[in-house]
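All of these numbers come straight from a predicted model, not from anything done at the bench. FYI, the numbering just counts along the sequence from 1.
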Amino acid sequence: MTVARILIIAGSDSGGGAGIQADIRTVTLLGGHAMTAITAITAQNTLGVQGVHPVPTEMVLQQMESVISDIGVDAVKIGMIGSAETAAAVAERLAVLEGVPIVFDPVMVATSGAALADGATIAAFEKLMALATLVTPNIPELDALGGEEVAIRFATHVLAKGGHGEGPMLTDRLIGPQGVVKAWSNARIDTPHTHGTGCTLASAIATGLGQGWDLIDAIERGRKYVREALSLAPGLGQGQGHGPMGAPFGFHHHA
């Protein structure tokens, strides 16, 4: 049996809750092989980001080249990129990968840990959206990118995540160039330990696409996996922060 090769382009989270660490864990537990191009090293824990050290663009590209040229890639997951320059260069390199599904989680974080949505970053993100099979923004990210119309503008699919919404029920909506394709509603899982949900969901979907699943099935398995991980959160950290989710060992790979 061939194992799906998933290339993750994202930042490292020293606290192990999000970023590359969450991505590798997710891809592995869903039966894929995780490869990485690390874009930034962060010092962070359950309380927040204390420091960010971006990896130079050239080195990000070199990591990508090493794995693409030797091991090969069945799907790509893009998370935190670190700079507009790196985002543009990553888009240029991915543009020549034929027929490889790309899941883009548009994480907008600056080196200070502050939210980032300047013109150069948005422009670079637009290049990535034009390549992506699926874009997975939360509510603030979708607003910054231009709203649901981006599905039409970039001929892509957008999974508009409802986790930042109010109320006991949350809805994720899959929007394509023709409008809403499907919506999923679930009761909010009452836990502060939600660190890494976005990274985990995008990596789970990318793994499904790399394994040959269609988009809806990959999203549905990814959502189940994240909800399972949330329910298993071990409650790490000193209590006042957002701790990591749990790892659903034995999660049923085939949903």
Counting C-beta onward and ignoring hydrogens, is there a side-chain heavy-atom pair between [X] and [Y] closer than 4.5 Å?
X: I216; Y: W184; result: yes
X: D23; Y: T36; result: no
X: V158; Y: E148; result: no
X: K127; Y: L131; result: no
X: L134; Y: I205; result: yes
X: T207; Y: W213; result: no
X: P244; Y: T46; result: yes
X: M64; Y: L94; result: yes

Is the side chain of [X] donor-acceptor paired with the backbone N or O of [Y] at a distance under 3.5 Å, no angle test?
X: T39; Y: M80; answer: yes
X: Q211; Y: L30; answer: yes
X: E92; Y: A88; answer: no
X: T156; Y: A132; answer: yes

Separation of [Y] [atom2] from [X] [atom1] (nearest 0.5 Å):
X: N186; Y: K224; atom1: CG; atom2: NZ; value: 10.5 Å
X: C199; Y: Q21; atom1: SG; atom2: CD; value: 9.5 Å
X: I219; Y: D214; atom1: CD1; atom2: CG; value: 9.0 Å
X: R221; Y: E228; atom1: CZ; atom2: CD; value: 13.5 Å
X: M169; Y: R188; atom1: CE; atom2: CZ; value: 10.5 Å

Task: Heavy-atom neighbours of D190 CG exceed 12 at 6.0 Å - done: no

Open item on the list: Taking atom NE2 as the centre, does H242 end up with more than 12 heavy-atom neighbours from other residues, nucleotides or ligands that are less than 6.0 angstrom away?
Closed with: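 Not buried by this count: 12 neighbours or fewer within 6.0 Å.
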
TODO: Step by step, work out the side-chain contact (heavy atoms from CB on, under 4.5 Å) result for L209 and L215.
DONE: CA-CA 7 Å; L209 295 175; L215 185 58; 4.1 Å; yes

Answer yes if [X] and [Y] sit in the same cluster of Ile, Leu, Val, Met, Phe, Trp and Tyr residues linked by side chain heavy atoms under 4.5 Å apart, and no otherwise.
X: M129; Y: V76; answer: yes
X: I24; Y: L232; answer: no
X: L7; Y: M59; answer: yes
X: I78; Y: V60; answer: yes
X: V103; Y: L142; answer: no

Task: Pair K161 + D172: basic N to acidic O under 4.0 Å - done: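 Looking at D172 together with K161, the answer is no, because their closest N to O distance does not fall below 4.0 Å.
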
Between [X] and [Y], which heavy-atom pair has the shortest distance, and what is it?
X: L61; Y: R93; result: CD2-CB, 4.1 Å
X: D105; Y: A202; result: CB-CB, 3.9 Å
X: K77; Y: A206; result: CB-CB, 4.0 Å
X: D13; Y: T42; result: CA-OG1, 3.5 Å
X: L145; Y: V150; result: O-CG1, 3.2 Å
X: R25; Y: G16; result: NH2-O, 3.0 Å

Open item on the list: Working note: R153 + E126, criterion side-chain contact (heavy atoms from CB on, under 4.5 Å); need CA distance, chi angles, decisive distance, verdict.
Closed with: CA-CA 10 Å; R153 269 178 68 203; E126 288 181 343; 3.0 Å; yes

- [ ] Run through T26, I6, V226 and flag the one making a side-chain contact (heavy atoms from CB on, under 4.5 Å) with S203.
- [x] T26

Open item on the list: Please evaluate residues L201 and R223 with respect to the criterion side-chain contact (heavy atoms from CB on, under 4.5 Å), reporting the C-alpha separation (whole Å), side-chain torsions for both, the decisive distance (0.1 Å), and the verdict.
Closed with: CA-CA 7 Å; L201 179 62; R223 291 183 79 261; 4.1 Å; yes

